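Per chain, numbering begins at 1; letters A, B, ... match sequence-line order. Every value quoted in this text rests on a predicted model; they were computed, and no experiment measured them.
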Protein chains: 2
Amino acid sequence: MKSVTIPPASVARLPLYLYALETLQSEGMGTISSEILANRVNVNAAKVRKDLSFLGTHGVRGVGYDSAVLGQEIREALGLTRDFGVVIVGIGNLGAALASYDSFGAARFHIVGLYDTNPEKIGTRIGDLEVRHLRHLAADVAEHDVEIGIITTPTAVAQEVAQQLEDCGIRSILNFAQTVLHTENAAVRRVDLSTELQILGYYLRSDRG
Amino acid sequence: MKSVTIPPASVARLPLYLYALETLQSEGMGTISSEILANRVNVNAAKVRKDLSFLGTHGVRGVGYDSAVLGQEIREALGLTRDFGVVIVGIGNLGAALASYDSFGAARFHIVGLYDTNPEKIGTRIGDLEVRHLRHLAADVAEHDVEIGIITTPTAVAQEVAQQLEDCGIRSILNFAQTVLHTENAAVRRVDLSTELQILGYYLRSDRG
DNA sequence: TTCGATTTGTGAAGTCAGTCACAATCCCGC
DNA sequence: GCGGGATTGTGACTGACTTCACAAATCGAA
Ligand SMILES: NC(=O)c1ccc[n+]([C@@H]2O[C@H](COP(=O)([O-])OP(=O)(O)OC[C@H]3O[C@@H](n4cnc5c(N)ncnc54)[C@H](O)[C@@H]3O)[C@@H](O)[C@H]2O)c1
Ligand SMILES: NC(=O)c1ccc[n+]([C@@H]2O[C@H](COP(=O)([O-])OP(=O)(O)OC[C@H]3O[C@@H](n4cnc5c(N)ncnc54)[C@H](O)[C@@H]3O)[C@@H](O)[C@H]2O)c1
């Protein structure tokens, strides 16, 4: 496994390339130029080539990249050649929506547990999963192979939940609550609607000088 | 309105500072140092000060920032001193969850319309809003003052919906579909769970060398 | 086999973001 | 009204990311 470290900015674009590639492939394109990929993803073609060069890929000069090969190379770089177990904590509006969303990027990510603390939620089902009390988290994580935790609890308890996830050995957290989590080792990515709207607000404002 | 342009990286952090400030304020802190704010948001204190300096703020040396004043300055910079109308297109799992989420960052963002094309969805209610057919979008946007569009349709139609939003004069789009939108003038922010999980996948992978 | 049209891979240059470090300033107690 | 401790504001530095630009490689046609 040739594990050259890829700059974070490039890593964040790899999923976009992968998705664009899959689309193009399904449209019957066997080889793809950096130019075409760049247009799909709205970036500079040189950036595409540089990003792909971190994978140690070899496109063919004068031709482009073989879409099947390149797709596989990106999948390997992202570690998408195996499955990941995912748990969701906080099965409210948002948590339930995520739980019922099955096709997480070509099915490498599998939701294997749903947790809440509200007695009214415990025992309800979403798809073929039952919502369990958070107190079972540790045992469940130990038993199944869970690597990613998604937090969709109210903001006030998100930090506490993150701690529990870390205590169970989970090293990757996706946080939908409106707070910045402090973790010791876990990688955290934050997704927050309010933040995004506020950023859009800034650019709306500067529109009118 | 002193409209110095703020670097994008700083703009993206302002909402975090604002949220941290509001929390600290509610804990009774009247003045706040860059150090404390930095800890809350997990960044370097010098970065906080530099970011805040773009606002033309004036903290007090030896003391810190007045939390009420600073909060107001950030709100003004982000344009949060007025209200924004928001519409959501695609009222499925995710769209419905967003629609029922009322407290969008201190209520400056108001959802004023929900749209779908599926006859089974049309006419259903979420809160006090009724889901309307997408064909009413243009007229509704013209009538009410809508500035932000949220796309939660299937990926396949997201681009087409974005075009319609732009045609209605909407200049800011929040895109939850797994595709990169191409717009002429509108600012787009993309929020995608699959992408985030894949990024986490990379860092899980490199854990084990 | 050579030529022209393409397209990659990548050094070099340019731009932007993050950090350091410290003078300038302020508050408070005396 | 002076001194000590605290904290800001910012110039200079460092590093990361992006873009440019072009030689090197490939293909297909003549
Ligand atoms: N719904 C949205 O559109 C939306 C948008 C942006 C951000 N968010 C954020 O996402 C989070 C969830 O939002 P929501 O609308 O789904 O809220 P919600 O209130 O519908 O759901 C929260 C769920 O978490 C559960 N919960 C509470 N404490 C818990 C604990 N200690 N352990 C486990 N579960 C616990 C609750 O019982 C509830 O089921 C919030 O932090 C919110 O700020 C939501
Ligand atoms: N639900 C999730 O957890 C989740 C996670 C990541 C990404 N996404 C993305 O969010 C989007 C929505 O996901 P979802 O789970 O809510 O899907 P969904 O199928 O539940 O909802 C999609 C809705 O869009 C409507 N729709 C279809 N075509 C339309 C059109 N032309 N105009 C207006 N409405 C239209 C459908 O009738 C449906 O109600 C998808 O692009 C998905 O990839 C969802």
Side-chain angles (χ1 to χ4, degrees), chain A residues 2 4-17 20-21 24 29-71 73-74 77 180 190 199 202-203 206, chain B residues 2 4-17 20-21 24 29-74 77 180 199 202-203 206:
Chain A
K2 49 180 175 303
V4 198
T5 54
I6 304 174
S10 295
V11 171
R13 282 187 296 269
L14 292 180
L16 307 187
Y17 298 146
L21 259 180
L24 287 163
M29 309 201 80
T31 67
I32 295 178
S33 71
S34 59
E35 185 71 30
I36 290 178
L37 208 44
N39 285 340
R40 293 293 178 117
V41 179
N42 253 2
V43 299
N44 183 296
K47 186 149 62 177
V48 172
R49 294 198 294 277
K50 188 146 280 190
D51 284 342
L52 297 184
S53 77
F54 293 120
L55 309 184
T57 67
H58 288 285
V60 181
R61 296 175 184 213
V63 178
Y65 300 87
D66 180 298
S67 61
V69 171
L70 181 55
E73 279 173 325
I74 295 179
V180 176
R190 188 170 171 278
I199 295 171
Y202 174 82
Y203 292 105
S206 49
Chain B
K2 47 179 177 306
V4 198
T5 54
I6 304 174
S10 294
V11 171
R13 283 188 293 270
L14 292 180
L16 306 188
Y17 298 147
L21 259 179
L24 288 163
M29 309 203 80
T31 66
I32 294 177
S33 70
S34 59
E35 185 72 31
I36 290 177
L37 209 42
N39 286 339
R40 292 293 178 119
V41 180
N42 254 2
V43 300
N44 182 296
K47 186 150 61 178
V48 171
R49 294 198 295 277
K50 186 149 280 189
D51 286 340
L52 297 183
S53 76
F54 293 121
L55 309 182
T57 68
H58 287 286
V60 181
R61 295 176 185 213
V63 179
Y65 301 87
D66 180 298
S67 60
V69 170
L70 181 56
Q72 193 52 31
E73 280 173 325
I74 295 178
V180 175
I199 295 170
Y202 174 81
Y203 292 105
S206 49

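If you take NZ of B:Lys50 and P of D:dG11, they are 8 Å apart, rounded to a whole angstrom. Atom CD1 of A:Ile6 and atom P of D:dT18 are 14 Å apart (whole Å).
With B:Tyr202 contributing its side chain and A:Ile6 its backbone, the two residues share a donor-acceptor pair below 3.5 Å. Of the possible polar contacts, none joining the B:Thr31 side chain to the B:Gly64 backbone as a donor-acceptor pair under 3.5 Å is found.
The shortest side-chain heavy-atom distance between B:Leu16 and B:Asn42 does not fall under the 4.5 Å cut-off. Put simply, the side chain of B:Ile32 does not reach to within 4.5 Å of the side chain of B:Tyr17, judged on heavy atoms.
For the pair A:Arg40 and B:Val180, the tightest heavy-atom approach, listed with the atom from each and the gap, is O-CB, 3.6 Å. Minimum interatomic distance between A:Leu14 and A:Ile74 (heavy atoms only, all atoms of both residues): O-CG2, 3.8 Å. Heavy atoms only, all atoms of each residue included: A:Asn44 and A:Ala46 are closest at OD1-N, 2.6 Å. The two atoms that bring B:Ser67 and B:Met29 nearest to each other are OG-O, 3.0 Å, heavy atoms only.
B:Ala9 comes within 4.0 angstrom of the backbone, heavy atoms only, and of no base.
In the 5' to 3' direction, nucleotides of DNA chain C lying under 4.0 Å from heavy atoms of chain B begin and end at C:dA17 to C:dC27.
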- Query: Going 5' to 3' along nucleotides 4-9 of chain D, which nucleotides have protein heavy atoms under 4.0 Å from the base (write B), which only from the sugar-phosphate (write S), and which from neither (write -)?
  - Reply: --BBBB

